Amino acid sequence: MSDYSPVGAREHISQSGRGSLTGHDSADVEATIFAADDAAFTRPVPILAERRVGDTELSAFPFALGTGRLAAVDEVAAGRILHRFATRGGSLYDVGDEDGSGHSQELVASWLASSRPAKVLTMLTPSVARDGGRASGSNRLVRAVEAALKRLRLERIDLLVLDLGEAARLDLSVDQLLGAADELVVAGKVRHLGAVGATGDQLLEARVLAGNGLPRIAAVRLDWDITDKVASDAEMRMVAAAQQLALLPDATAASLALASPSLPPKVLSGWGRGARLSQAVNARVVKPEPERAIDVLAGRGREHRIGVALDRVSAELGIAPVTAQLAWLLAKRGVVAPIVQVTRPEQVDLLMDAGSVRLTRAEMLELDRAVETAR
């Protein structure tokens, strides 16, 4: 295998004549993307085994990059984030449209067209209510996916995540939603299915329906990081384990707070819990690099004990607290790829370094006890 270097990447783009995210020439690509990322290639990059997504043929580096809010950062920074993730081995992209503008998906489409990374797997969780246009019933899902594919300039989505909670609020049954998804699978626009907002009963119902010919759910997306109270998801995770479904925990909230506690209000807008975790430290001057977990999580009661444990474990291992909390999550049964979002390219390294961290049993127990006693 030949060595990869920033110089080789520059030559590749120069020879291919591809432009940048916004249509600039190759000189702009070098100035805006590679110049900022040269440092990423001066460090050893561990070779990590990819993880299978349930019983599908899909396999990916054990992280998914959330791109739904790239529009909140400038286009150059967005390109650097995507580039850094790809050069670190990342291949699974959560290409949602969180603010409804479609701009984040357009940024991803431009980057894919100009960079052509070696491996790309896309995951999409559409809002049927918001993105379904004027379509009625389960046709909303078809319209939402087709609109996303058009913005992304893609022919298909590798993993379509169905929001079963939203569907229930719209009086759409699991049967109806899977039926619409089946239409997309048959048309070649979707490869595999996942679920979010699902209950244990809904997962059981979906498995029965799959036995009758509808597409099978292969993965479950859920809100889960070291500061979350996950007791309410215990039944759902038990069913997921029995069905050997891949868990895709959305770890954005704690990851953002620990990796970048001083996020600007524009970026925090609409992030809900991620914003609340960060607002406590936004009022004071903070360093651009990650702080102690106990400082970031200060003033939130139950997180204090977690912060103490994170700081002790991360100090012992010589890693950042955000890296430690993701290593803890990766060690949990069934977890395939935590979904993370970042606002600066250098944060990608802090998150993806967790893939090469192996916590000891004692360290896992310490963090587990901190989470349990903090509830």
Side-chain angles (χ1 to χ4, degrees), residues 53-54 56 58 60 64-72 92-109 112 120-199 202-203 206 209 214-223 245-246 248-250 252 270-272 337 339-341:
V53 181
T56 73
L58 303 180
L65 179 65
T67 66
R69 287 234 164 217
L70 284 182
L92 181 57
Y93 299 82
D94 176 25
V95 292
D97 178 30
E98 294 189 20
D99 62 3
S101 69
H103 187 45
S104 293
Q105 292 176 335
E106 291 167 358
L107 284 173
V108 173
L112 288 174
V120 174
L121 297 175
T122 53
M123 175 173 67
L124 176 68
T125 308
S127 170
V128 174
R130 186 193 66 198
D131 305 330
R134 296 181 179 180
S136 60
S138 58
N139 288 331
R140 292 180 176 182
L141 176 65
V142 177
R143 298 294 175 267
V145 171
E146 289 176 341
L149 286 172
K150 184 177 181 179
R151 287 191 295 268
L152 291 163
R153 294 179 240 165
L154 296 174
E155 295 183 357
R156 66 180 181 183
I157 297 295
D158 295 294
L159 184 64
L160 176 64
V161 181
L162 307 175
D163 191 336
L164 298 187
E166 180 188 55
R169 293 190 293 273
L170 295 173
D171 293 327
L172 291 175
S173 66
V174 176
D175 189 357
Q176 288 175 305
L177 207 59
L178 286 177
D182 185 43
E183 179 182 334
L184 291 165
V185 172
V186 171
K189 297 177 181 179
V190 168
R191 293 176 69 183
H192 299 286
L193 301 182
V196 67
T199 64
Q202 286 176 319
L203 291 180
L209 292 169
L214 289 177
R216 178 178 173 180
I217 288 175
V220 174
R221 178 175 184 164
L222 69 162
D223 290 329
L245 305 182
L248 304 171
D250 193 332
T252 292
W271 281 37
I339 304 165
V340 294
Q341 298 194 40

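Worth saying up front: this structure is predicted, and the values here are computed from it rather than measured. Just so you know, these numbers use all the heavy atoms, side chains as well, and skip hydrogens, waters and symmetry mates.
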Quiz prompt | Contacts of type side chain to side chain donor-acceptor pair (under 3.5 Å), residue D97, not counting sequence neighbours | solution = none

Practice problem: Kindly give the heavy-atom pair with the smallest separation between A195 and I217, and that separation in Å. | Solution: CB-CD1, 3.8 Å

Quiz item: Can you name the closest pair of heavy atoms from L193 and V190 and give their distance?
Solution: CD2-CG1, 3.9 Å

Practice problem: Find the distance between OG (S127) and CD (E98) and round it off to the nearest 0.5 Å. | Solution: 11.5 Å

Self-check item: side chain to side chain donor-acceptor pair (under 3.5 Å) partners of S104, counting only residues at least two apart
Solution: none

Practice problem: Looking only at non-hydrogen atoms, find the nearest pair between P215 and A181 and report the distance. | Solution: CG-C, 4.4 Å

Self-check item: Distance (rounded to the nearest 0.5 Å) between L121 CG and I157 CD1
Solution: 11.0 Å

Self-check item: All side-chain contact (heavy atoms from CB on, under 4.5 Å) counterparts of A218, not counting sequence neighbours
Solution: D55, T56

Quiz item: Taking all non-hydrogen atoms of both residues, which atom of L159 and which atom of G194 are closest, and how far apart?
Solution: CD1-N, 3.8 Å

Quiz item: For A109 and R151, which heavy atoms make the closest approach, and how far apart are they?
Solution: CB-O, 3.4 Å

Quiz item: Side chain of S173, backbone of Q176: donor and acceptor closer than 3.5 Å?
Solution: yes

Practice problem: Give a yes or no on whether the backbone of G102 and the side-chain of Q105 come within a donor-acceptor separation of less than 3.5 Å. | Solution: no

Self-check item: Pairing residues for V120 by the side-chain contact (heavy atoms from CB on, under 4.5 Å) criterion, not counting sequence neighbours
Solution: Y93, L112, P117, T122

Practice problem: State, with a plain yes or no, whether a side-chain heavy atom of L162 is found less than 4.5 Å away from one of V174. | Solution: no

Quiz prompt | Residues that E106 engages under side chain to side chain donor-acceptor pair (under 3.5 Å), provided they are two or more places apart | solution = none

Practice problem: List for me each residue that meets side-chain contact (heavy atoms from CB on, under 4.5 Å) alongside A180, sequence neighbours excluded, and say none if there are none. | Solution: S138, L141, V142

Exercise. Give every residue pair that meets the side chain to side chain donor-acceptor pair (under 3.5 Å) criterion with at least one member in residues 180-194, sequence neighbours excluded.
Key: E57-R191, E57-H192, E146-K189, D158-R191

Exercise. Rounded to the nearest 0.5 Å, what's the gap from CG on L152 to OG1 on T67? Could you check?
Key: 7.5 Å

Self-check item: Atom pair CG/CG of L177 and D163 - distance to nearest 0.5 Å
Solution: 8.5 Å

Self-check item: Residues forming a side-chain contact (heavy atoms from CB on, under 4.5 Å) with A246, sequence neighbours excluded
Solution: V53, A219, V336

Quiz item: What pairs with R169 under side chain to side chain donor-acceptor pair (under 3.5 Å), at least two apart in sequence or on another chain?
Solution: none

Quiz item: Which pair of non-hydrogen atoms, one from Q341 and one from G68, has the smallest distance, and what is that distance?
Solution: OE1-N, 4.4 Å

Quiz prompt | I339 side, atom CD1; T125 side, atom OG1 - distance, nearest 0.5 Å | solution = 6.5 Å

Practice problem: Supply the atom-to-atom distance L178 CG to R216 CZ, rounded to the nearest 0.5 angstrom. | Solution: 12.5 Å

Quiz item: Do the side chains of L58 and L92 get nearer than 4.5 Å, heavy atoms only?
Solution: no

